[in-house]
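What follows is a short report on a single structure.
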Amino acid sequence: MAAALGFAGVLYRAILLALDVPPANSDEGTAGLAALHIGEGRHWPTFFYGQDYMGTFYSYLAAPLVQVFGTQWWVLRLPALAMYAVFLLLVFRLTRTLYTPWFAVFVTAVMALGSDRVLKDQMIGVGGYSDVATAVAGLMLASALLALQPDKRRTTFAVWGLLAGYIVWTHWLALPYVVVAALLVAWVSRSALTLRRVALAVCGFVLGAAPLLWFNLHHANSLSVLLSLSGATEPAAWPDRLYGAVLLGLPLSSGMCAPSRCATWQMWWGPAYLTLMVVAAVVALVAIRRADPGERRVQAGRLALLAGAALTLAAYVASSSSAVTPIESARYLHYAMVSLPAVLWPLWVGLTPLAGRAGARTFGDGEAARGSMAGSARRGVIPAIGCVALLGGIVASLLVATGQLSAYRSHYADKADEERQLLDRLRAAGLTDVYSEYWTCNRLAYRSAEQVRCAVLDDNLMPGFDRYRPYRDQVRQAERVAYVLPESSTMSGTFARSTPAGVDVISLEVVAGYRVYLCRQSPQPN
């Protein structure tokens, strides 16, 4: 049953991938350029261009595909689709290990659905999200296995270290899970932590984090860069942070909302999420104090999942992004999807009076049940009906959000068509050097396989944030350039009022929502 549901989830995403849904962005274009350069043997980046954080392993995975199939968006997203399939498998195995088989099937069904925000995090080929979420799921599964069977899993320590190191190299937003995984293994498996096993974990970690360690030894300090970008010290009212994180961030990242917005009726999941998390944590803490050693390890694994989600949410609230850009920044809560089974578990246990022994936890094949929350207290029929209603509301909300994305598909298809029209027009005019805004530039460069080079401008037509700096120098030296400016943008109005010095406008054409100014410019020195 889980395999069938998982296949449906993969097929759903594969269809959307073929339809260019969700739409690409310039960050994805940057990852695509890195994959193109890696495949050609031109560059071997440790981090994505223009930043000293977020490892580029995803681009290394995509590089051979880009060389074989070309610079299509679906090609860049194939590794993300494969990562999603592995993610489903790991979450199913993790849920089955710490909870029950049929609950693991239900979680797989939930994960198979996909709203706009969830699909963007899982499918956009930018790296740092689909791959790290998969690594987090693998890390928590390895931690659970070490907690439950520490004497039988020596090589798991090496795998655990490798995944932890990979996460540290690739995206530090997932560090809360590395911390709780380390605490879980250290506390539960402390009697089995021999020098050899610790050495295996350390060697695995060093191998996984090797690119980061090498970069910091020879170049910049990634920690200082990340701290400067965290936004924790930027001004933002705490009510706005909580609103953005709880009422918007949790529903968006859990798959409850429509594309780029969250209706008021869809915000209920934020408070419900926190309530369920508290209930699950209290039950796990009580069980740890009263249960036998075997069950205590199970409850510790569940508590670790809850702690990872809580720390991730706390870090997001501490960042001003939760208040300033809550819709787009909800992606920072994506890794908490790994903890969704722990949050939903109290509702599943509440079904016990209606489902008989369905809530009893079993571990392994043929092993005796170790007990669970289902057996710790009697449940009345009325609370069970309430749990059914709440679970039904969750599934209904997920289905509605998934349907809203499907209904929005035509809008995204129009965006893909406009991108193709713009590129075709630039190619037909023989334009290879252009100026544009950040969210356009690297999309054009990747999709054209660098037939179009693009330099970024800000709203005042001054040099902007060029992720791949050589483009700026190449465009500045060109005599014939195009200014590709979104029609409704501030920069388009600025250009209409006053062209930059040394630039003569030859013609103006409106293409796919852009004002395309064909210009001559005086080549500028670097």
Side-chain angles (χ1 to χ4, degrees), residues 1-19 21-22 77-123 129-131 133-134 136-138 140-141 144 251 253-257 269 273 276 302 305 334-351 354-355 357-365 387-406 409:
M1 182 66 72
L5 291 168
F7 177 78
V10 173
L11 180 62
Y12 165 61
R13 284 157 177 79
I15 293 171
L16 292 180
L17 180 148
L19 298 173
V21 177
R77 294 175 177 183
L78 283 176
L81 183 64
M83 288 287 183
Y84 167 74
V86 177
F87 173 80
L88 271 185
L89 178 63
L90 293 172
V91 171
F92 171 79
R93 187 69 179 91
L94 174 64
T95 307
R96 194 181 187 282
T97 298
L98 292 177
Y99 300 96
T100 71
W102 280 108
F103 180 57
V105 172
F106 173 75
V107 168
T108 303
V110 168
M111 298 290 183
L113 297 171
S115 69
D116 179 70
R117 179 69 267 162
V118 170
L119 261 293
K120 286 177 178 176
D121 296 335
Q122 291 176 342
M123 297 307 302
Y129 290 93
S130 59
D131 54 331
T134 303
V136 168
M140 297 311 295
L141 174 59
S253 64
S254 299
M256 301 283 186
C257 296
W269 175 238
Y273 185 102
L276 289 171
R302 298 175 181 179
L305 288 178
H334 175 60
Y335 309 125
M337 287 288 284
V338 176
S339 297
L340 197 58
V343 176
L344 295 177
W345 177 241
L347 295 178
W348 188 264
V349 171
L351 304 181
L354 301 180
R357 296 174 58 85
R361 192 194 77 83
T362 59
F363 172 73
D365 297 325
C387 290
V388 170
L390 192 51
L391 277 175
I394 292 170
V395 174
S397 296
L398 291 169
L399 287 170
V400 168
T402 301
Q404 288 174 321
L405 171 60
S406 300
R409 185 196 63 78

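- Ser130 contributes atom OG, which lies 7.0 Å from atom NE2 of His334 (distance to the nearest 0.5 angstrom).
- Atom CD of Gln122 is separated from atom CG of Asp131 by 12.5 Å, given to the nearest 0.5 angstrom.
- Across all their heavy atoms, Val118 and Ser253 have their closest contact at CG2-O, 3.6 Å.
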Exercise for review: Any chance you could lay out the side chain to side chain contact (heavy atoms under 4.5 Å, CB included) test for Met123 and Leu17, step after step, and finish with the verdict?
Suggested key: CA-CA 8 Å; Met123 297 307 302; Leu17 180 148; 3.7 Å; yes
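- Taking the side chain as every heavy atom from C-beta outward, Pro22 and Arg77 approach each other to under 4.5 Å.
- In this structure, Thr95 and Ala104 approach most closely via the heavy-atom pair CG2-CA, 3.6 Å.
- The shortest distance between side-chain heavy atoms of Val107 and Leu340 does not fall below 4.5 Å.
- No donor-acceptor pair under 3.5 Å is formed between the side chain of Arg13 and the backbone N or O of Leu81.
- Interatomic distance, Tyr129 OH to Lys120 NZ, rounded to the nearest 0.5 Å: 12.5 Å.
- Counting heavy atoms from C-beta on, the side chains of Met337 and Val136 never come closer than 4.5 Å.
- At least one donor-acceptor pair closer than 3.5 Å links the side chain of Ser339 to the backbone N or O of Leu305.
- Under the 4.5 Å side-chain criterion, counting only non-hydrogen atoms from C-beta, Tyr12 is in contact with Leu119.
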Exercise for review: Output, in order, the C-alpha distance, side-chain angles, deciding distance and verdict of side chain to side chain contact (heavy atoms under 4.5 Å, CB included) for Val338 and Leu90.
Suggested key: CA-CA 9 Å; Val338 176; Leu90 293 172; over 6 Å; no
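- One side chain, Trp269 or Ser254, offers a donor N or O that lies under 3.5 Å from an acceptor on the other.
- Here Ile15 contributes atom CD1 and Arg409 contributes atom CZ; the two are 10.5 Å apart, rounded to the nearest 0.5 Å.
- Between Pro346 and Cys387, the shortest heavy-atom contact is O-SG, 4.5 Å.
- A distance of 6.0 Å separates OG1 of Thr134 from CE of Met83, quoted to the nearest 0.5 Å.
- Taking all atoms of both residues into account, the shortest heavy-atom contact from Leu88 to Gly6 is CD1-CA, 3.6 Å.
- Closest of all the heavy-atom pairs between Arg117 and Asp121 is NH2-OD1, 2.9 Å.
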Practice item. Tell me, with the steps shown, if Leu405 and Ser115 meet side chain to side chain contact (heavy atoms under 4.5 Å, CB included). Key: CA-CA 6 Å; Leu405 171 60; Ser115 69; 5.7 Å; no
**Study point:** Derivation and outcome, side chain to side chain contact (heavy atoms under 4.5 Å, CB included), residues Ile394 and Tyr273
**Key:** CA-CA 11 Å; Ile394 292 170; Tyr273 185 102; over 6 Å; no
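- Scanning both residues, Ala2 and Thr108, for their nearest heavy atoms gives O-CG2, 3.6 Å.
- A heavy-atom distance below 4.5 Å is found between the side chains of Val105 and Phe92.
- Under the 3.5 Å distance criterion, the side-chain polar atoms of Thr402 are matched with a main-chain donor or acceptor of Gly114.
- Here the OH atom belonging to Tyr84 is positioned 12.0 Å from the CG atom belonging to Leu89, to the nearest 0.5 angstrom.
- Taking the six-membered ring where the residue is Trp, Phe103 and Trp348 present tilted rings, their angle falling between 30° and 60°.
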